[in-house]
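What you see is a predicted model, and the numbers here were worked out from it, not measured in a lab.
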Amino acid sequence: MIDLETWAASGIPLLRDPREFVLELHQRHLPQPGTVVVAVLDGLHRLNASASFLPWPHHTDGWQHRNAILGHLRQVIPHDLRLATPTRTAVLLRCRDGAAGWAEQDGAWMWALQDAAALHGLRCGSYIAVTQAGWQILGDGRSGRNPHAGSWAEGPVHTVTELPPRSALEGPRGPRPLRQPPERPWTPARVATIEPTRRTGTR
């Protein structure tokens, strides 16, 4: 676990436009309380990849959080371990219940992000907590009211609009007729005669 004072003094690179970044990341994943989103930014602070997941409720240790973050980083983006200096940055957004501000579990996730980023060849970036009060970047004080922990319910609802429209299934003069298979005359099945089997044996 890392306390807030140690985290703030560790030289975490600042997000250039935190409001737009948090909004973009929230729109991509619509995190509910309990959801963790890990994102990777390139050298120009553009979003390269991101993944969201629900950690196991009984996992509260920083080691377990580190393994979860590292596993999702490996799925969405290759590592940069061959680079002498990291150029990409890992950022964590955690949507949770409770009051705004630092909590003990935030400290466990901060340590997990720091260690997972190092093991994947990335710089450790900002830690964002999203609560009912809004979002807050812990350690640098920047915050906003929206999105908040309940904003996921305001996201777009995906329906079956991906299906082709009815007009695409109709011809110029109306619905296309269904094709029936050609009728075949019924013929009785052939039954082969069964010859009695011969049993041989020795005594």
Side-chain angles (χ1 to χ4, degrees), residues 2 4 7-8 10-56 59 62-83 85-97 100 102-103 105-131 133-152 154-156:
I2 299 178
L4 188 58
W7 176 263
S10 59
I12 301 297
L14 300 178
L15 291 172
R16 288 185 181 177
D17 194 345
R19 188 180 305 275
E20 291 298 325
F21 173 75
V22 173
L23 184 61
E24 178 185 2
L25 204 60
H26 191 278
Q27 290 176 346
R28 284 176 178 265
H29 295 276
L30 295 178
Q32 303 180 27
T35 306
V36 175
V37 183
V38 59
V40 178
L41 305 178
D42 64 10
L44 299 177
H45 287 240
R46 295 175 301 194
L47 185 61
N48 269 177
S50 61
S52 61
F53 59 97
L54 286 170
W56 292 101
H59 285 183
W63 291 93
Q64 296 165 326
H65 298 335
R66 188 276 309 272
N67 294 338
I69 296 173
L70 190 58
H72 285 84
L73 283 175
R74 288 170 175 168
Q75 291 181 11
V76 298
I77 199 164
H79 66 77
D80 283 345
L81 294 173
R82 293 184 178 89
L83 298 180
T85 304
T87 59
R88 296 187 291 191
T89 306
V91 177
L92 194 76
L93 181 148
R94 180 173 174 239
C95 184
R96 60 171 175 82
D97 294 319
W102 184 87
Q105 269 302 300
D106 292 322
W109 281 104
M110 286 175 173
W111 182 90
L113 174 63
Q114 195 175 65
D115 206 46
L119 292 174
H120 207 63
L122 307 172
R123 295 193 303 172
C124 179
S126 299
Y127 180 92
I128 306 163
V130 179
T131 63
W135 60 270
Q136 181 182 8
I137 302 180
L138 298 181
D140 69 9
R142 291 181 292 180
S143 61
R145 294 183 179 179
N146 287 298
H148 51 80
S151 297
W152 65 271
E154 305 169 3

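- The CG atom of Asp140 sits 10.5 Å away from the CH2 atom of Trp7 when rounded to the nearest 0.5 Å.
- Interatomic distance, OG of Ser151 versus CD of Gln32, reported as 12.0 Å (0.5 Å rounding).
- Identified under the side chain to side chain donor-acceptor pair (under 3.5 Å) test for residues 67-78, with sequence neighbours left out: none.
- Here the closest heavy-atom approach between residue Arg96 and residue Ala100 is recorded as NH2-C, 4.4 Å.
- Proximity of Leu25 to Ser50: side-chain heavy atoms (C-beta onward) are separated by under 4.5 Å at one or more points.
- Sorted pairs that involve residues 26-50 and meet ring pair (Phe, Tyr, Trp, His ring centres under 6.0 Å), not counting sequence neighbours, are lacking altogether.
- Residues meeting the salt bridge (charged side-chain N to carboxylate O under 4.0 Å, His left out) test with Asp115, sequence neighbours left out: Arg66.
- Under the 4.5 Å side-chain criterion, counting only non-hydrogen atoms from C-beta, Val38 is in contact with Leu73.
- The minimum heavy-atom distance linking Leu47 with Ala39 is given by the pair CD1-CB, 3.6 Å.
- The side-chain heavy atoms of Leu93 and Val36, taken from C-beta on, include no pair separated by under 4.5 Å.
- For the pair Val37 and Val91, the minimum side-chain heavy-atom distance is 4.5 Å or more.
- By the side-chain contact (heavy atoms from CB on, under 4.5 Å) test, Ala68 is found to be paired with Phe53, residues two or more places apart in sequence or in another chain being considered.
- How far CZ of Arg94 is from CG of Leu113: 12.5 Å, rounded to the nearest 0.5 Å.
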Enumerate donor-acceptor pairs with a distance under 3.5 Å from any side-chain N or O in residues 118-127 to protein atoms, sequence neighbours excluded.
unit_1, atom_1, unit_2, atom_2, d
His120, NE2, Ile77, O, 3.0
Arg123, NE, Thr89, OG1, 3.2
Arg123, NH2, Thr89, OG1, 3.1
Tyr127, OH, Asp106, OD1, 2.6

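- When every heavy atom of His65 is checked against every heavy atom of Ala108, the shortest pair comes out as CD2-CB, 3.8 Å.
- Arg28 pairs by the salt bridge (charged side-chain N to carboxylate O under 4.0 Å, His left out) definition with Glu24, not counting sequence neighbours.
- Residues forming a side-chain contact (heavy atoms from CB on, under 4.5 Å) with Ala8 (at least two apart in sequence, or on another chain): none.
- How far CH2 of Trp152 is from CG of Leu30: 9.5 Å, rounded to the nearest 0.5 Å.
- With a 4.5 Å cut-off on side-chain heavy atoms, Thr87 and Asp42 do not count as touching.
- Remark: Arg19 pairs with no residue by the salt bridge (charged side-chain N to carboxylate O under 4.0 Å, His left out) rule, at least two apart or across chains.
- Between Arg16 and Leu44 the shortest heavy-atom distance is NH1-O, 3.8 Å.
- With sequence neighbours left out, the salt bridge (charged side-chain N to carboxylate O under 4.0 Å, His left out) criterion links Arg88 to Asp80.
- A search for side-chain hydrogen bond (donor to acceptor under 3.5 Å, both in side chains) contacts involving Asn48 returns nothing, not counting sequence neighbours.
- Among all heavy-atom pairs drawn from Pro33 and Ala149, the shortest one is CD-O, 3.5 Å.
- Listed by chain and number, the residues in a ring-ring contact (aromatic ring centres under 6.0 Å, His included) with Trp111 are Trp63 (sequence neighbours excluded).
- Ile128 contributes atom CD1, which lies 8.0 Å from atom CG of Leu92 (distance to the nearest 0.5 angstrom).
- Listed by chain and number, the residues in a ring-ring contact (aromatic ring centres under 6.0 Å, His included) with Trp135 amount to none (sequence neighbours excluded).
- Nearest heavy atom pair, residue Gly139 against residue Leu4, reads N-CD1, 3.8 Å.
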